[in-house]
Amino acid sequence: MFLDDTACNLASLTCSPSARMTATSPSRVPHAVRLWTLVLELSVMMAQFPAKEIARLSYAYRTLGLGYANLGGL
């Protein structure tokens, strides 16, 4: 179930064995999650929405999504 008239901003972190973030230090992952969440927050603040209701609800509920790519390969 999802809210009507909102926009969901999505991003993903690449977690492959060849990615420097996870290969050098697993402690970098929480930092990357915090950083990308901040980036998604900024994208909501700077976005131009097609309708005022979509903008209002997107600001109010902050529908963000952060996924992990290549987690199985890691």
Side-chain angles (χ1 to χ4, degrees):
M1 190 166 169
F2 196 71
L3 298 170
D4 291 335
D5 295 328
T6 58
C8 186
N9 295 295
L10 305 172
S12 62
L13 293 172
T14 302
C15 297
S16 65
S18 61
R20 285 184 9 186
M21 178 183 72
T22 54
T24 57
S25 175
S27 65
R28 289 181 160 186
V29 175
H31 174 71
V33 169
R34 287 190 300 273
L35 180 65
W36 276 107
T37 303
L38 178 61
V39 169
L40 287 169
E41 283 283 338
L42 291 172
S43 71
V44 170
M45 293 300 299
M46 297 178 70
Q48 295 180 5
F49 297 99
K52 287 184 181 182
E53 184 65 13
I54 295 173
R56 186 183 70 78
L57 291 173
S58 294
Y59 292 145
Y61 292 106
R62 296 285 198 245
T63 48
L64 306 175
L66 183 60
Y68 301 95
N70 298 323
L71 191 57
L74 180 64

query: In terms of heavy-atom contacts, does OH of Y59 have more than 12 from other residues, nucleotides or ligands at under 6.0 Å?
result: yes

field: Residue pair A7 / S58: nearest heavy atoms and the distance that separates them
entry: N-OG, 3.0 Å

Transitive ILVMFWY side-chain link L42 to L64, under 4.5 Å: no

query: How long is the gap from CH2 on W36 to NE2 on H31, to the nearest 0.5 Å?
result: 11.5 Å

message: For L66, run the side chain to side chain contact (heavy atoms under 4.5 Å, CB included) check against N9, T37, L10 and tell me which one passes.
response: T37

query: Between L40, T6, V44, which is the residue that forms a side chain to side chain contact (heavy atoms under 4.5 Å, CB included) with R62?
result: V44

